[in-house]
Number of protein chains: 2
Amino acid sequence: MFAKEVYVRRRRTLLAKMREAGQSGLILFVGNAEAPAQFKDNCYKWRQDSSWLYYWGLDEPLMAAVMSIDSGEEILFADDVEIDDIIWMGPQPGVESKAASVGVLRHRPYGEIAAWMEERVKGRPVHFLPPSRYYNTLKLQQLLPGGKPSEALIKAVISMRLVKEDIEIEAIDAACALGYEMHSVARDAIEIGIVEQEIVGKMESVALAKGWGVSFPTIVTQHGETLHNHLHDKRVEPGKLMLIDAGLESNEHYASDFTRTYPTSGKFTAKQREIYQIVYDCNELAFSLTRPGITYREVHLATARKMLEGLQALGLVQGDLDEMVAAGIGGLFQPHGLGHNMGLDVHDMEDLGENLVGYDPDQTRAKQLGLGSLRMARRLVAGHVITDEPGIYFIPALIEKFKKEGLGYDFVNYAKLEGYYDFGGIRIEDDVLVTADGARRLGPCRLPASPDEVEAVLAR
Amino acid sequence: MFAKEVYVRRRRTLLAKMREAGQSGLILFVGNAEAPAQFKDNCYKWRQDSSWLYYWGLDEPLMAAVMSIDSGEEILFADDVEIDDIIWMGPQPGVESKAASVGVLRHRPYGEIAAWMEERVKGRPVHFLPPSRYYNTLKLQQLLPGGKPSEALIKAVISMRLVKEDIEIEAIDAACALGYEMHSVARDAIEIGIVEQEIVGKMESVALAKGWGVSFPTIVTQHGETLHNHLHDKRVEPGKLMLIDAGLESNEHYASDFTRTYPTSGKFTAKQREIYQIVYDCNELAFSLTRPGITYREVHLATARKMLEGLQALGLVQGDLDEMVAAGIGGLFQPHGLGHNMGLDVHDMEDLGENLVGYDPDQTRAKQLGLGSLRMARRLVAGHVITDEPGIYFIPALIEKFKKEGLGYDFVNYAKLEGYYDFGGIRIEDDVLVTADGARRLGPCRLPASPDEVEAVLAR
């Protein structure tokens with residue numbers, strides 16, 4: 001948690017933005033409840049809502065808060081602990097002091113919010129964010145039947161959370177330092193014959209020992225072509241590519257998110273190295289282009305062009321590079337976008353709407369495979385924190401679909417591609433801060449990334 | 001997953017029980033959806049609903065099923081994968097073959113369930129279980145507005161899941177073997193000066209490497225008197241008691257749940273050993289009494305008496321033991337019950353209602369502190385799997401409350417108790433199977449439990 005002043009300042013800024021946008025009425029924030037895994041007393045690890053954390057700081061379940069845009073009045077709804085809570089959860093500070101710790105002067109019991117709203121709303125608009133969990137959906141249905149999330153509020157919140165404050169950048173740097181450690185442990189755990197789940201256990205132990213836990217479900221797979229593979233039941237085989245995409249969420253709830261791809265035998269085969277080099281060059285190119293003023297859509301397209309250039313040199317595609325980019329051939333090999341925003345969420349604010357978060361008002365999201373999955377397309381400004389994560393995947397089902405539908409026949413060498421059906425996939429991902437005059441990779445140092453660096457670190 | 005025949009047999013038995021109970025109409029099962037942690041694409045680790053796993057086996061989100069009590073007809077609602085799913089999640093078997101793998105012959109798309117229900121229900125009763133998650137609450141509201149869970153179905157399900165089949169006992173033994181390993185790693189990680197979270201990271205890595213993960217949020221604390229302490233931010237200090245209550249859920253989704261309490265310095269102080277010995281004796285007594293025919297309520301009360309006897313010898317309580325037990329003085333020192341059922345859930349079936357699961361129809365739950373928290377009171381039968389977890393805690397806030405309210409003045413030596421305000425708490429928990437002629441502790445061997453065994457293993 002940051003100092004009280006941070007939360008007071010953020011809420012004041014939010015009010016000012018809402019007033020500037022000509023809004024009036026109330027702003028309602030609903031914090032998370034515990035999320036039952038099996039029953040109400042056996043829950044997943046407690047995680048507060050990120051926008052709540054940003055404005056209200058308090059990292060506890062069953063809280064809500066209302067601000068008046070008109071008067072600036074603020075009230076926290078939360079319950080004081082009772083003797084039962086003390087037996088089960090230990091002595092706790094009262095709501096009074098919790099509220100004071102984030103600069104809120106008034107509070108009422110959590111159960112009173114419905115009655116309070118009924119009395120005070122009186123037809124005034126109530127602005128709230130889209131619920132990120134089913135509990136919040138139910139609670140909002142109960143408090144404001146038929147209510148719709150406020151686009152004005154969403155936009156005001158995005159405008160603030162998208163540009164990271166210095167204290168946030170420090171926190172993300174720290175999360176990336178731990179993410180670096182987590183990835184190093186994973187890399188050192190790769191061993192022919194063990195089950196992938198063993199690597200997951202070792203790497204996630206770092207996330208649990210040093211942070212809140214993982215920032216998203218870990219991907220550890222020798223089938224990198226399956227983008228979100230959460231099964232870890234395969235034994236490590238020689239000659240394969242092991243793709244590890246994993247991040248740590250710090251105790252301050254900031255994310256890291258790195259991907260590396262390792263040859264399980266310690267050395268890349270010639271074929272693996274050729275493809276790896278292309279992905280590495282794309283990652284480097286994206287980083288070199290990242291600076292205020294350029295859009296991340298342009299950076300995505302520049303890496304797509306670079307990727308196709310590399311694949312052309314291998315004879316896997318042919319034709320004019322610009323035409324290929326325009327035709328979306330890049331999406332056949334990289335069906336995802338170049339990167340996403342990162343902060344309190346690993347895909348920052350994705351609960352507020354991918355397009356509102358990742359696209360400027362003058363940008364329209366493409367429908368094309370690959371570019372259509374780009375989560376961050378905006379014109380970059382200093383303070384943006386984004387991922388740089390190009391990848392090349394050979395997905396037999398997708399290639400066969402393209403072929404069957406006659407897509408890309410002018411450009412794609414389908415016969416040659418068949419020789420890559422058992423290749424798998426490669427992705428190289430760093431976390432990047434947009435600075436005043438360029439960009440900086442987050443964390444104390446970069447995980448080994450070039451083919452030579454990777455082989456050298458595996459040989460140790 | 002078990003063989004197809006297991007699920008077919010269980011569903012047949014369930015139908016027979018519902019018919020025997022004079023029920024008709026339909027039975028609706030709603031499987032879980034992914035549980036968003038921050039947004040819909042960043043979810044907590046996938047966990048299926050346990051009753052769904054028991055009857056339908058399929059370990060995937062967004063499935064539902066309906067059985068007709070009258071005709072025996074069964075239908076699975078689930079979606080076939082599309083090309084997008086293949087890109088993100090890899091090639092998958094079709095619903096046809098998934099359904100067949102658990103002996104279900106008919107299936108329809110998940111989205112059709114509402115229309116199907118509307119057409120087929122026609123005023124017939126629809127039996128469903130209480131929803132264990134907010135998603136399921138929302139889904140049931142949508143499918144059956146105003147509907148209430150079926151007590152007949154709840155009772156039929158409890159009667160089956162409460163008595164474990166041989167294949168389940170094997171699975172729980174295996175989970176306990178891994179839970180043993182997890183606890184051993186935790187014990188070996190205790191070291192003066194490290195932060196408790198480091199121990200958590202090491203022990204949970206075993207759960208992730210060898211199983212699905214933890215079966216409930218891990219407790220690692222030097223404040224054992226706080227029963228559910230999930231903060232792990234303290235450094236290990238000399239002379240303290242470290243209470244570790246943790247379990248592993250296997251890849252087959254069966255739980256283990258053990259507690260041990262260790263002296264951080266390797267040796268108990270004389271005062272710690274006195275209290276530890278009492279808790280150990282209570283654990284042993286409970287195990288020795290556990291057999292078909294006795295109620296677990298009786299076992300709970302016998303251990304409460306044993307505990308008060310031990311505390312009396314130390315001069316902390318005085319008076320007639322039976323009167324003390326009847327007055328609930330045990331609850332001042334052990335505000336929780338002796339144990340709970342365990343199986344697919346660590347508190348088995350707690351989503352179906354604690355009293356229906358843990359109490360026979362002729363038993364009423366007490367209101368008294370301690371006995372009132374007893375989750376399993378039933379008359380034991382072979383196949384029950386329960387925990388044996390007595391504990392003694394010195395909770396200053398609770399003792400002060402008793403004192404202030406004039407409770408237990410005849411029995412409690414409040415002056416002497418003040419000398420224990422910084423003592424903490426001790427719990428010793430094993431998992432126990434009720435056998436034909438007694439009981440067996442689950443797992444390949446018992447974690448060191450007696451004071452001497454504990455000191456010996458810490459000295460290694």
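Keep in mind that what you see is a predicted model, and the values were worked out from it rather than measured. Quick note on labels: first sequence line is chain A, next is B, and so on, each numbered from 1.
In terms of heavy-atom pairs under 4.5 Å with chain A, the best-connected choice from B:Y135, B:Y393, B:F216 is B:Y135. If you tally non-hydrogen atom pairs under 4.5 Å between each of B:L369, B:L344, B:N251 and chain A, the highest count goes to B:N251. Note: B:E350 leads B:E198, B:K202, B:E350, B:Q141 in heavy-atom pairs under 4.5 Å with chain A. Ranked by heavy-atom pairs under 4.5 Å with chain A, the list B:P36, B:A33, B:C43 is led by B:P36. Ranking B:L398, B:V346, B:N32, B:I395 against chain A, the residue ahead of the rest is B:L398, based on heavy-atom pairs under 4.5 Å.
Ring geometry, A:Y44 versus B:Y44: the interplanar angle falls under 30°, so the pair is classed parallel (tilted spans 30 to 60°).
Within the structure, salt bridge (charged side-chain N to carboxylate O under 4.0 Å, His left out) pairs that include any residue of residues 33-47 of chain B comprise A:R375-B:D41, B:R47-B:E249 (at least two apart or interchain).
Looking at residues two or more places apart in sequence or on another chain, you find a ring-ring contact (aromatic ring centres under 6.0 Å, His included) between B:F423 and B:F394, B:Y420.
A distance-only check finds a donor-acceptor pair linking the side chain of A:Q197 to the backbone of B:G211 [under 3.5 Å].
Distance check: B:Q38 CD to A:R133 CZ gives 8.0 Å after rounding to the nearest 0.5 Å. With rounding to the nearest 0.5 angstrom, the CZ atom of B:F39 is 8.5 Å from the CG atom of A:D348.
For the pair A:N42/B:P217, a side-chain contact is recorded, criterion being any heavy-atom separation below 4.5 Å from C-beta on.
For a residue to count as touching a neighbouring chain, one of its non-hydrogen atoms must lie under 4.5 Å from one of that chain's; by this rule B:S215 touches chain A with the backbone only. For A:D345, the parts lying near chain B are the backbone and the side chain together; criterion is any non-hydrogen pair under 4.5 Å.
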